[in-house]
Amino acid sequence: MAIQELPKVYEPGSVETRLYAAWKAAGYFRAKPDPARSPWAVMMPLPNVTGELHIGHALNNTLQDILARFQRMRGRCVLYQPGTDHAGIATQNVVERELAKEGLRREDLGREEFEERVWAWVRKYGSIIYAQLERLGISCDWDRKVFTLDPPYYDAVLEAFVRLYRKGLIYRGKHMVNWCPRCRTAISDLEVEYEEVDSHLWYVRYRSAGDGPDVVVATQRPETIFADVAVAVHPDDERYRELVGKEVLVPLTNRPVPVIADRRVDPSLGTGAVKITPGHDPLDHEIGRDHGLPILVTLDEGGRMNELAPKFVGLDRFEARGRVARALEMQGLLVRTEPYRTRVGKCDRCHTVIEPYITDQWFLDVRDMARRTAEAIHTGRVRFHPERWTRVALDWLEGIRPWVISRQLWWGHRIPVWNCAGCGDRVASKVEPFACERCGGRTWQQDPDVLDTWFSSALWPLATLGWPQETEDLRYFYPTSVLVTDRGIIFLWVCRMIMFGLEFLDEVPFRDVYIHPTVHDIHGRRMSKSLGTGIDPMVVIEKYGADALRFALTSRCSAAQQDMRFDEKMIADVRTFANKIWNAARFVHRNLASEDPTQVDPASLRYGMPEIWILSRLERTIQAVTRAYETYEFDEAARSLYRFVWDEYCDWYLEMSKVDLAAEKDTARAARYVLWHVLLETMRLLHPIMPFLAEAVFRALPHQGDTLMLGPWPRSDPRRVHEEVERSMGLFQEAVREIRSLRADLGLGPHQGVHVQVFAPGAERELFTQLQPYLQSLARVERLELLPVDAPRPHPAAMGLAGSVELYIPLEAAQSRTLWNRVQRELEALVREQERLTRKLQNPEFRQKAPPEVVRAEEEKLWEARTREQKLRRYLEALQEV
RNA sequence: GGGCGCUUAGCUCAGUGGGAGAGCGCCGCUCUGACGCAGCGGAGGUCGGAGGUUCGAACCCUCCAGCGCCCACCA
């Protein structure tokens, strides 16, 4: 039951940790397949196991949690799947940096010992992010935590590989790939980030090998000339016609290479002649292959010059670039150097400039999977929200290329391919084969590489549910309901999950994909620790509460924006909202009297107009908020709740209820019930966004059941919408505001009651009679007289209008005249308004083409403006006569 | 080079065909018995620019500018 005294200021810190522990202990987060209920599932985009919660995670997980909590309250059997990713390169890099501090490299430890070091790291730091997610209030099923290197998950990854291999979709080949010379591994196209940088274009002279003319080529990479195998020109390029078929000498090495013609050379670029270096450039690689040219390589795996460049051996490629340019200059072969703006690809894990490099790698042919994925998206089996991301995904799928899935790392899923020591035969198998089928040999060597982390991530919805086993979870929760993520991983992760879902289960892994905005700092820059622009969610949670952070993020999460500018101030603002609600709860708590509202039969109550009004507004809010959660309009949900709580419940209903409670009117019992009922219903609507506050209020007030979080969700009943009462309340509010405004203009203090005369026609007079005590209280009216429209107006007086109702405050003439400007301003506005409306209504085309109801509405407005003007003029005239 | 998004009050953003809105900030007035993390009253905008469609445009179309993001093998 209710606590006796509630603290005046809401303190989220202790409340939040206490409630979370209680929910967790009660098992509310657990997901157990229940045939009696329909399933609803969402998969957490697996954070890096070495990672800590940043503001992007906070947003991402908050949104998932909102949906999960919403569906849970609605009675669905909810699975919110947590887990962490071994994150191959990232994690290996972290541990390697640790080793470097001890002066060690991973080779010094050897593979097994190194892996053990990484495991030790994971055991030590791997659960930090889980604790942080708990503090944020995330309601996932912690009993189902999955790590991508857990044995069952590992098995699923190998199973997937073996199946794809046996289907002939995985093959090994020597191709040019993106190579990170620092990580010393291949990476996929998607793991390369491009950046514009200032560089140079070097124009280098290649002398003729015979007695023909020289040729000048432009290059960004003079250091690779040692691997040149040709110079190419366009076949139609008149300038170089006679050169084709001749030989030129590669500078510094004086090796003769042919001049070839190829249509892929663009005559308008550089000099129209280009050096061909198949070992270091993708286009050159293709051209070289088509012309049967050899492949030379002048860089090693670490990006250093090799023996092909004798005087530069061991130099880093960038150092070599300058030295080679200088050497060319000394030999008079450097024609000129131009500044050049270009884009370089960088490793997305360590930001080293990547090198196009020819290596043996494993590739996955994804063409068919991509085609099926595109079809699934096209036919709406998977829907993107906002819808515009559909096109983005489809375009990528259409131009898809083979996926390099091998990585030269030690941390990850080791590729399950075995090479026979005897005959070199290759077998894909989850366990070491027994005897070689070809030669009978029994000595096998496993492929040393591991799989791309994204290969295992792509299995996330399958492997977490038990695939390849046909588990109950898989049958019940697959396909999941929605995936919530950032646009940055649509290709890397989202599309690939769909591919694997279709490939292995012939069913998409989720129905909806919701792409939320990316959080930036207040200046629009990327949140980054190194830039000092990051917001640490844990710091702000300690300061303002998890609820405040959640609400702040949610309220700025609109479909229109793809970025969200965010700073701490916004969280601080929300804290006041939480405090507002808390104090409304204190008010309700204090006023409940002796009757337990949970035992009240609502049908037995006598409702006043304020009760009917707030219940009508609540109904609209239930509809708006429910719809907003259903359609991923998170900002709309937050906004609706904010307005309802603050503007309608607190500012108007709660204030009006004070009148009934103080006077113990016959509606007081209903008021007590409605105060309580509306607040608790609102807390249910708010629970997905601010679960702690909602539950704290729930527990502080009389309630049934142990928790709010298991439902029920507020039931919508459109019959509770009362248009007429809403209109009446609108008029009442206008009157209150008008009197308050007059009071302010007159410089009246709160204790200076005024005498107000209301001149209203029958229906309105009836309404004001009914609402008289509220008007007196809210507008501080000491004496209120309700008079017919034909009664004489007092003079001198101040005058205001609420609709067509005239509000007069009898005053001294001098006081009245202080309001002169106010009335003049309103008159001017009314005249302008009438001119605008008249112009519109006199336009025959408007009358003819606009919908009749619009015409009628405009006529009505004109009539009202005229009436108001007349009333104001009559008032002013009378005032002048005084 | 192609594509997407944004441009509305000092700041952060709602509004997507019929009278320009919110929060914060700002200016007044209130130590009012839920809340000073408050209440009440105000000021503040030619809705990026130019055309067009329409009876009517912040909203639809075209072009332009600025900012941001994604994709693309121009030496």
Side-chain angles (χ1 to χ4, degrees), chain A residues 6 8-10 176 189 194 201-202 217-221 232 264-266 268-277 281-286 340 342-343 356 386 388-389 391-392 395-396 399 487-488 490-491 517-518 520 522 524-526 544 555-556 558 560-567 569-570 572-591 635-636 639 642-643 646-647 650-651 654-655 658 662 736-737 740-745 747-751 778-780 833 836-837 840 843-851 853-855 857-858 861 865:
Chain A
L6 305 176
K8 195 167 174 178
V9 172
Y10 179 60
M176 184 160 275
D189 297 340
Y194 289 91
L201 207 52
W202 285 271
V217 307
T219 181
Q220 292 189 57
R221 306 200 58 188
R264 283 164 286 192
V265 177
D266 185 339
S268 67
L269 294 173
T271 62
V274 61
K275 71 192 201 66
I276 297 298
T277 321
D281 182 274
L283 179 61
D284 290 9
H285 187 70
E286 276 180 38
Y340 194 70
T342 189
R343 292 185 70 183
R388 64 174 178 271
W389 298 108
R391 193 71 249 157
V392 175
D395 285 348
W396 179 73
R487 64 177 182 271
I490 291 177
F491 310 144
T518 303
H520 287 187
I522 201 67
R525 292 173 304 191
R526 209 178 212 112
Y544 306 103
S555 65
R556 282 161 182 84
S558 77
Q561 303 285 329
Q562 45 183 1
D563 299 322
M564 177 193 299
R565 293 187 180 199
F566 199 74
D567 71 1
K569 208 173 133 306
M570 297 169 174
D573 291 345
V574 177
R575 184 175 47 173
T576 67
F577 179 55
N579 196 53
K580 186 80 179 171
I581 291 173
W582 181 249
N583 278 287
R586 286 179 67 227
F587 175 83
V588 174
H589 178 257
R590 177 180 299 184
N591 285 288
D635 60 330
E636 176 59 26
R639 223 185 355 262
Y642 190 95
R643 289 209 181 121
W646 205 306
D647 299 347
C650 290
D651 286 351
L654 196 146
E655 291 301 325
K658 288 177 183 173
V736 171
R737 287 197 191 100
R740 282 171 174 171
S741 180
L742 287 169
R743 294 177 58 99
D745 283 2
L748 296 177
H751 296 299
L778 269 62
R780 309 250 157 211
E833 169 84 349
R836 189 182 65 82
L837 289 165
K840 201 169 182 179
N843 182 346
E845 285 189 287
F846 173 71
R847 303 202 82 100
Q848 190 188 329
K849 297 183 181 172
E853 65 270 21
V854 171
V855 178
E858 301 293 279
K861 281 185 216 161

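We name chains A, B, ... by the order of the sequence lines, and we start the count at 1 in each one.
One can place CD1 of A/I490 at 10 Å from P of B/C71, the figure rounded to the nearest angstrom. Atom pair A/D266:CG and B/C73:C1' shows a separation of 12 Å (rounding to whole Å applied). Regarding A/I522, its CD1 atom lies at a distance of 10 Å from the C1' atom of B/C13, rounded to whole Å. In this structure, OH of A/Y340 is placed 6 Å from C1' of B/C74, rounded to the nearest angstrom. As a whole-Å value, the separation of A/L742 CG from B/C40 P is 17 Å. Straight-line distance from the CZ atom of A/R221 to the C1' atom of B/C74: 16 Å, rounded to whole Å. Atom CG in A/D189 sits roughly 15 Å away from atom C1' in B/C70 (whole-Å rounding). Taking atom CD of A/E636 as the reference point, atom P of B/G15 lies 8 Å away to the nearest angstrom.
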**Message:** In dot-bracket form, 5' to 3', how is RNA chain B paired? Count Watson-Crick and G-U wobble pairs only if both distances fall under 3.5 Å, and write | where the partner sits on another strand.
**Reply:** ((((((((.[[[[.)..(..]]]].(((((.......))))).....[[[[[..)....]]]]])))))))....
**Message:** So if I define the base as every atom that isn't primed, P, OP1 or OP2, how would nucleotides 23-39 of chain B read as a B/S/- string at a heavy-atom cutoff under 4.0 Å?
**Reply:** SS-----S--SBBSBSS
**Prompt:** Reading nucleotides 3-8 of chain B from the 5' end, what letters show protein touch, with B for base, S for backbone sugar-phosphate only, - for no heavy atom under 4.0 Å?
**Reply:** -BBS--
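Taken to the nearest 0.5 Å, the CG atom of A/D745 stands 12.0 Å off from the CZ atom of A/R743. Distance CZ/A/R643 to CG/A/D651: 13.0 Å, rounded to 0.5 Å. Atom CG of residue A/D284 and atom NZ of residue A/K275 lie 7.0 Å apart, to the nearest 0.5 angstrom. Taking OG of A/S558 as the start and CZ of A/R639 as the end, the distance is 8.0 Å to the nearest 0.5 Å. Atom CZ of A/R525 is separated from atom NE2 of A/H520 by 11.5 Å, given to the nearest 0.5 angstrom.
Considering only residues two or more places apart in sequence or on other chains, A/E845 meets the side chain to side chain donor-acceptor pair (under 3.5 Å) condition with A/K849. For A/N579, the side-chain contact (heavy atoms from CB on, under 4.5 Å) partners at least two apart in sequence or on another chain are A/V9, A/Y10, A/N583. When the side chain to side chain donor-acceptor pair (under 3.5 Å) test is applied to A/Y544, the partners found at least two apart in sequence or on another chain are A/E568.
Inspection of the A/T518 and A/Q562 side chains reveals no N or O donor paired with an N or O acceptor under 3.5 Å.
Spacing of P atoms, B/A38 relative to B/G33, comes out at 16 Å, to the nearest Å. Comparing B/G2 with B/G21, their P atoms are spaced 41 Å from each other, to the whole Å.
Smallest separation of non-hydrogen atoms from A/M176 and A/P356: SD-CB, 3.7 Å.
Side-chain atoms of A/R388 and A/V392, non-hydrogen and from C-beta on, never get closer than 4.5 Å to each other.
Minimum atom distance to the side chain of A/R737 is reached by B/G41, of the listed B/C73, B/G41, B/C55. In this structure, the nucleotide among B/A14, B/G18, B/G41 sitting nearest to the side chain of A/K840 is B/G18.
Under 4.0 angstrom from either OP1 or OP2 of B/C74 there lies no side-chain N or O belonging to A/S268. Contact check, A/S558 against B/A14: a side-chain N or O comes under 4.0 Å of OP1 or OP2.
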